[in-house]
Amino acid sequence: MTTMPYKSELLRLLDERGYIHQLTDAEGLDALATRQVVPGYIGFDPTAPSLHVGSLVQIMMLRRLQQAGHKPIVLMGGGTGKIGDPSFKDEARKLMTDETIAENIASIKRVFERFLTFGDGPSDAIMLDNAEWLDKLEYIPFLREIGQHFSVNRMLSFDSVKLRLDREQSLSFLEFNYMILQGYDFLELARRAECRLQMGGSDQWGNIVNGIELTRRVAGSQVFGLTTPLITTADGGKMGKTAKGAVWLNADMLAPYDYWQFWRNTQDADVGKFLRLFTDLPLAEIARLEALEGAEINSAKIALANAATTMAHGEEAARDAAETARRTFEEGAAGGDLPTLRIDGGSIPIVQALTVLGFAASNGEARRKIGEGAVRLNDLAITDPSFEIVLEDVPVKISLGKKRHGILTR
């Protein structure tokens with residue numbers, strides 16, 4: 001991995017762990033970060049009660065900011081969440097009520113408290129909600145003060161907008177305003193919290209540049225932008241997309257064991273990258289782990305799963321998940337933390353069991369897997385798609401392949 005000769009600990013840390021895709025002014029930010037504490041922010045729209053793994057690289061960026069002695073600002077989009085970011089979306093998001101947004105923010109905050117240290121100190125994290133200023137805006141004064149600084153011609157050229165227009169998909173005026181409001185967020189944070197840096201995914205580059213230019217024109221402040229590369233898996237897939245759906249960060253939406261298994265199932269070619277991005281393991285240890293070959297690479301995947309799960313759910317949850325996996329895979333035992341399906345009546349068709357557990361997306365897929373010999377009950381292969389599982393008093397372990405296991409019980 002080639003790195004730039006940065007002077008600040010912040011940019012060196014971000015660079016050597018693979019977070020930097022684009023920087024608006026690398027030399028300026030590097031110099032600022034060597035002189036003072038840099039408050040930096042990332043925005044998160046509360047569209048669900050939990051963020052998922054697709055947001056984890058941004059959460060880790062704020063963690064790295066704090067590790068380098070700077071100040072993370074978590075900006076919850078209580079205001080912009082009422083609109084929805086149109087960036088690279090095929091259609092408009094459903095509008096949420098104020099009550100739902102407030103509940104989602106309260107739930108999401110629990111995740112950030114695992115990754116960041118909040119408080120009143122110079123480098124302690126703070127959480128703000130842009131509804132605090134966006135809800136109070138008056139339309140005509142806002143247009144006069146802020147609207148004059150935005151070029152519609154330029155906004156139409158942004159990839160996030162062009163994608164929708166090129167597909168001839170509707171882009172409402174409500175959504176079109178999103179990028180103006182996001183730019184205004186940067187201006188408000190510069191005023192309220194002396195924020196100097198906005199970070200985000202590569203799809204946010206246009207929005208970030210808008211905010212930088214607006215802040216410079218209106219407040220005369222020099223601020224900076226930094227984006228991360230799109231995180232994909234080695235096979236070109238999107239990070240965090242699985243057959244079972246989103247990999248949520250809140251334990252009440254995805255069990256810690258399933259979270260551990262997500263990381264344990266990382267492709268060989270992704271282990272080093274994910275260790276750098278999503279764990280605090282030293283780079284020398286990561287280099288050793290990613291150099292392992294053959295079956296030994298599994299120990300690197302276990303190290304990744306343990307470190308990532310510890311960060312999100314705590315050491316005890318990670319230890320329990322690892323032990324359940326060890327018992328399941330090494331001893332063939334039915335570990336207590338596996339996904340469990342309680343069967344009323346004591347029997348269930350095997351096809352239905354596979355779909356309800358999320359091991360198959362449809363009955364047709366379940367039948368195919370059974371026909372391929374990939375499904376086992378208590379480690380005995382089942383090849384009849386019409387097989388009916390009858391439960392006695394003892395739970396039954398159901399497996400799909402070598403890595404997907406669940407428990408059926410009465």
Side-chain angles (χ1 to χ4, degrees), residues 17 50-53 55-57 59-60 63-64 66-67 107-118 239-240 242 244 246-268 270-290 292 295-341 357-359 379 395 397-409:
R17 285 193 173 259
S50 172
L51 299 175
H52 53 72
V53 161
S55 297
L56 188 56
V57 71
I59 298 172
M60 290 299 298
R63 183 179 176 88
R64 302 300 184 212
Q66 190 164 55
Q67 287 173 339
S107 180
I108 288 169
K109 186 172 184 180
R110 300 202 307 269
V111 171
F112 283 101
E113 289 169 344
R114 290 277 191 185
F115 289 85
L116 302 172
T117 299
F118 287 83
M239 169 73 181
T242 71
K244 292 180 70 174
V247 181
W248 300 105
L249 300 180
N250 281 48
D252 56 354
M253 293 184 67
L254 184 75
Y257 176 81
D258 290 325
Y259 190 77
W260 190 94
Q261 278 294 339
F262 167 76
W263 295 106
R264 171 63 180 82
N265 293 337
T266 295
Q267 297 176 48
D268 293 3
D270 289 327
V271 171
K273 176 172 72 174
F274 287 0
L275 282 166
R276 279 186 287 273
L277 290 171
F278 302 116
T279 81
D280 288 342
L281 291 179
L283 291 174
E285 173 66 2
I286 293 173
R288 183 189 72 78
L289 288 169
E290 71 176 328
L292 296 174
E296 289 186 344
I297 194 68
N298 288 325
S299 62
K301 296 180 183 181
I302 290 171
L304 169 62
N306 287 342
T309 306
T310 295
M311 203 175 292
H313 299 298
E315 188 174 346
E316 183 177 354
R319 190 168 56 245
D320 290 347
E323 175 59 15
T324 297
R326 185 190 68 79
R327 291 175 59 201
T328 301
F329 301 130
E330 295 181 13
E331 301 173 7
D337 287 346
L338 291 176
T340 299
L341 177 61
L357 280 168
F359 289 4
D379 297 322
K397 183 179 73 169
I398 184 170
S399 304
L400 175 63
K402 296 180 179 180
K403 296 181 178 180
R404 304 287 295 281
H405 306 274
I407 301 297
L408 304 177
T409 186

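The CH2 atom of Trp263 sits 9.5 Å away from the OG1 atom of Thr279 when rounded to the nearest 0.5 Å. Here the CD1 atom belonging to Ile398 is positioned 5.0 Å from the CG atom belonging to Leu408, to the nearest 0.5 angstrom. Of the inter-residue distances, the one linking Gln261 atom CD with His405 atom NE2 reads 7.0 Å to the nearest 0.5 angstrom. How far CD of Glu296 is from CG of Asn298: 10.0 Å, rounded to the nearest 0.5 Å. Atom CD1 of Ile108 is separated from atom CG of Asn250 by 7.5 Å, given to the nearest 0.5 angstrom.
Aromatic ring orientation, Phe274 versus Phe278: perpendicular (interplanar angle above 60°, classes split at 30° and 60°).
Under the 4.0 Å criterion applied to side-chain N and carboxylate O atoms, Arg64 and Asp280 are assigned as salt-bridge partners. Ion pair Glu316/Arg319 not flagged as a salt bridge, since none of the NZ, NE, NH1 or NH2 atoms sits closer than 4.0 Å to an Asp/Glu carboxylate oxygen. Between Glu323 and Arg326 there is a salt bridge, with a side-chain nitrogen of the basic residue lying less than 4.0 Å from a carboxylate oxygen of the acidic one.
Closest non-hydrogen pair, Ala300 versus Val271, comes out as CB-CG1, 3.7 Å. Nearest heavy atoms, Trp260 versus Asn306: NE1-OD1, 2.7 Å. Shown here for His313 and Arg114, the closest heavy-atom pair between the two residues is O-NH2, 3.3 Å. Counting all heavy atoms, side chain and backbone alike, Trp248 lies closest to Ser50 at CZ3-O, 3.1 Å. Taking every heavy atom of both residues into account, Phe118 and Phe112 meet most closely at CE1-O, 3.6 Å. Across every non-hydrogen atom of Pro256 and Thr309, the tightest pair is O-CG2, 4.1 Å.
Under the side chain to side chain donor-acceptor pair (under 3.5 Å) test applied with Lys301, the options Asp268, Asp270, Asn265, Thr266 reduce to a single match, Asp268.
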Verdict with supporting geometry, Leu289 and Leu281, side chain to side chain contact (heavy atoms under 4.5 Å, CB included): CA-CA 10 Å; Leu289 288 169; Leu281 291 179; 4.1 Å; yes

From CA spacing to verdict: side-chain hydrogen bond (donor to acceptor under 3.5 Å, both in side chains), Arg63, Gln66: CA-CA 5 Å; Arg63 183 179 176 88; Gln66 190 164 55; over 6 Å; no

Steps toward side chain to side chain contact (heavy atoms under 4.5 Å, CB included) verdict (Ile407, Lys397): CA-CA 5 Å; Ile407 301 297; Lys397 183 179 73 169; 4.3 Å; yes

Stepwise salt bridge (Lys or Arg N to Asp or Glu O under 4.0 Å) check, Arg110 with Glu113: CA-CA 5 Å; Arg110 300 202 307 269; Glu113 289 169 344; over 6 Å; no

Derivation of the side chain to side chain contact (heavy atoms under 4.5 Å, CB included) call for Ile59 and Met311: CA-CA 11 Å; Ile59 298 172; Met311 203 175 292; over 6 Å; no

Leu56 vs Val247, side chain to side chain contact (heavy atoms under 4.5 Å, CB included): CA-CA, chis, key distance, verdict: CA-CA 10 Å; Leu56 188 56; Val247 181; over 6 Å; no

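Put simply, the side chain of Pro339 reaches to within 4.5 Å of the side chain of Tyr257, judged on heavy atoms. Counting heavy atoms from C-beta on, the side chains of Arg17 and Met60 never come closer than 4.5 Å.
Around atom CD of Glu315, no more than 12 heavy atoms belonging to other residues, nucleotides or ligands sit under 6.0 Å away.
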